[in-house]
Amino acid sequence: MIIILKQEAPEQKVRALIEEVQGLGMSVNYSAGAEATILGLIGDTSRVDEDKLRANEVVADVRRITEPYKKANRRFHPLDTHVAVAGRTIGEGFFHVMAGPCSVESEAQLCTVAESVKKSGATFLRGGAFKPRTSPYSFQGLEESGLDLLREARRLTGLPIVTEIMGEEQIPEFEDVDILQVGARNMQNFRLLKALGRTKKPVLLKRGLSATIEEWLMSAEYILAGGNENVILCERGIRTFETMIRNNLDISAIPLLKRQSHLPVIVDPSHAAGTAWMVEPLARAAIAAGADGLIVEVHNNPKAALCDGAQSLNPEQFDALMGEVRRRAAFEGKQMQ
Ligand code: PEP
Ligand code: MN
């Protein structure tokens, strides 16, 4: 439920109204915009008497909103969120490409890929040090030493790093990581989301394998509710009845999220496609649909990759993709940083 306040409502009376609502067991999100000041009521609004609120002299209107996500909702936060990371801005008007291997495999592999994606124009380096694998017998990542290699590649190239965090206990060792990725399999790891909410770290929140958009936004809400506003959504495809592609890239999620929420939206065409040749057409579609960036898997030798080789671009393919991306992002009026 939201309460729209009358313009120039006396501060003291607004405060009294806020206290009255808080007395009913709700918390209040105060949002002063250029055109209207809005109180967002968070909690069980079923006991709120709308007519009584309307009768309050500082209230212009009261609206019940059905969406359970409040802080992620554009209605409470009409302006686009811009997440500042390492001197860059992620959000509407800007375009970023995060590129690198699925998993960090060795110093030579990571540094080669990092230097080549940097040369092609990537703005962030991605790479998994801790890998959530379906099989416990598959390569699980280089773990702590993989994180050290990411730090080294960052020193070498100047590219900020994006890497996946699997549990809340890892937060201290990820302290200097630029963007913490929460993978599809952890989208509803609520303890992790709550713990990330207590930090100020930028979080790239991937959509769960079968998550609805509302469930995904509720996961973002966990982080936002803790006080961390640096949330970036990542559409990476969802599981459907189709077996000829790894995941169905939900292009419609992009405009929908942009309408329903103020959070930046990054698209991962690699995990959707499952094959390298499909990455470029999906990337083009994502840009046209309004994405704020891409996260793309690149490997110096995809055939020998320890994880997700089939969908990884080689450096030449990535360079060609970047030519397309630059043209199309410019056409959409987005600034590449
Ligand atoms: C990844 O980015 O390598 C990854 C594991 O992605 P997802 O969580 O989307 O499957
Ligand atoms: Mn991968």
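We count ligands from 1, going down the list as the structure has it; atoms in each ligand are counted the same way.
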A.B. asks: Starting from atom 8 (O) of ligand 1, what is the nearest protein heavy atom, named by residue and atom, and what distance separates them?
C.D. replies: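 Answer for atom 8 (O) of ligand 1: Ala184 N, 2.7 Å.
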
A.B. asks: Among all protein heavy atoms in this structure, tell me which lies nearest to atom 7 (P) of ligand 1, with the distance rounded to 0.1 Å.
C.D. replies: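 Nearest protein contact, heavy atoms only, for atom 7 (P) of ligand 1 is Lys206 NZ, 3.5 Å.
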
A.B. asks: Quick one: does Leu224's side chain get under 4.5 Å of Leu263's, heavy atoms only?
C.D. replies: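 A side-chain contact exists here, since the closest heavy-atom pair is under 4.5 Å.
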
A.B. asks: Side chains of Leu5 and Ile3: closer than 4.5 Å at any heavy-atom pair?
C.D. replies: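 Side chain of Leu5 against side chain of Ile3, heavy atoms only: contact under 4.5 Å found.
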
A.B. asks: Please determine whether His271 has a backbone or side-chain N, O or S atom lying under 2.8 Å from the Mn ion (ligand 2).
C.D. replies: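 Yes - counting backbone and side chain alike, His271 has an N, O or S atom under 2.8 Å.
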
A.B. asks: Evaluate the side-chain proximity of Arg63 to Arg75: yes if any heavy-atom separation is below 4.5 Å, no if none is.
C.D. replies: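 Result no, sub-4.5 Å side-chain heavy-atom pair not found.
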
A.B. asks: Are Lys334 and Asp292 side-chain neighbours, meaning at least one heavy-atom pair lies under 4.5 Å?
C.D. replies: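 In contact.
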
A.B. asks: What I want to find out is whether Lys194 reaches Glu168 closely enough, with some N-O distance under 4.0 Å, to be called a salt bridge.
C.D. replies: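 Looking at Glu168 together with Lys194, the answer is no, because their closest N to O distance does not fall below 4.0 Å.
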
A.B. asks: For the Mn ion (ligand 2), give me the closest N/O/S atom belonging to Asp308, just the atom name.
C.D. replies: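 Minimum-distance N/O/S atom of Asp308 relative to the Mn ion (ligand 2) is OD2.
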
A.B. asks: Find all atoms of ligand 1 within a distance of less than 4.0 Å from any non-hydrogen atom belonging to Gly183, and give their numbers and elements.
C.D. replies: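 Near Gly183, meaning under 4.0 Å from one of its heavy atoms, ligand 1 has 8 (O).
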
A.B. asks: So for ligand 1, is Glu297 a polar contact partner (N or O within less than 3.5 Å, distance only)?
C.D. replies: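 Yes.
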
A.B. asks: For ligand 1, find out whether one of its N or O atoms is nearer than 3.5 Å to an N or O atom of Arg126.
C.D. replies: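 Arg126 vs ligand 1: N/O contact under 3.5 Å present.
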
A.B. asks: Is it the case that more than 12 heavy atoms not belonging to Arg54 sit under 6.0 Å from its CZ atom?
C.D. replies: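 More than 12 heavy atoms, drawn from other residues, nucleotides or ligands, come within 6.0 Å of this atom.
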
A.B. asks: Given Met187, Glu235, Arg236, identify the one with the heavy atom nearest to atom 10 (O) of ligand 1.
C.D. replies: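 Looking at heavy atoms only, the winner is Arg236.
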
A.B. asks: For atom 4 (C) of ligand 1, what is the closest protein heavy atom, and at what distance to 0.1 Å?
C.D. replies: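 It is His271 NE2, 3.4 Å.
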
A.B. asks: I'd like the atom name of the N/O/S atom in Glu297 lying closest to the Mn ion (ligand 2).
C.D. replies: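 Glu297's closest N, O or S atom to the Mn ion (ligand 2) is named OE2.
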
A.B. asks: Among Lys131, Arg246, Gln311, which residue places a heavy atom closest to atom 3 (O) of ligand 1?
C.D. replies: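 Selected option, by shortest heavy-atom distance: Lys131.
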
A.B. asks: Give a yes or no on whether a salt bridge exists between Asp308 and Arg246, defined as a side-chain N under 4.0 angstrom from a carboxylate O.
C.D. replies: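 A salt bridge is present here (some side-chain N lies under 4.0 Å from a carboxylate O).
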
A.B. asks: Within a distance under 4.0 Å of any heavy atom of Cys102, pick out the atoms of ligand 1 and give their elements.
C.D. replies: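 Atoms satisfying the 4.0 Å criterion: 3 (O).
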
A.B. asks: Within the 4.5 Å heavy-atom criterion, are Arg133 and Phe139 side-chain neighbours or not?
C.D. replies: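 Yes, at least one pair of side-chain atoms sits under 4.5 Å.
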
A.B. asks: Would you indicate whether the side-chain heavy atoms of Ile179 and Ile90 approach each other to under 4.5 Å?
C.D. replies: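 Yes, their side chains come closer than 4.5 Å.
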
A.B. asks: Give the atoms of ligand 1, by number and element, whose distance to some non-hydrogen atom of Arg185 is under 4.0 Å.
C.D. replies: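 What qualifies from ligand 1 is 7 (P), 8 (O), 10 (O).
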
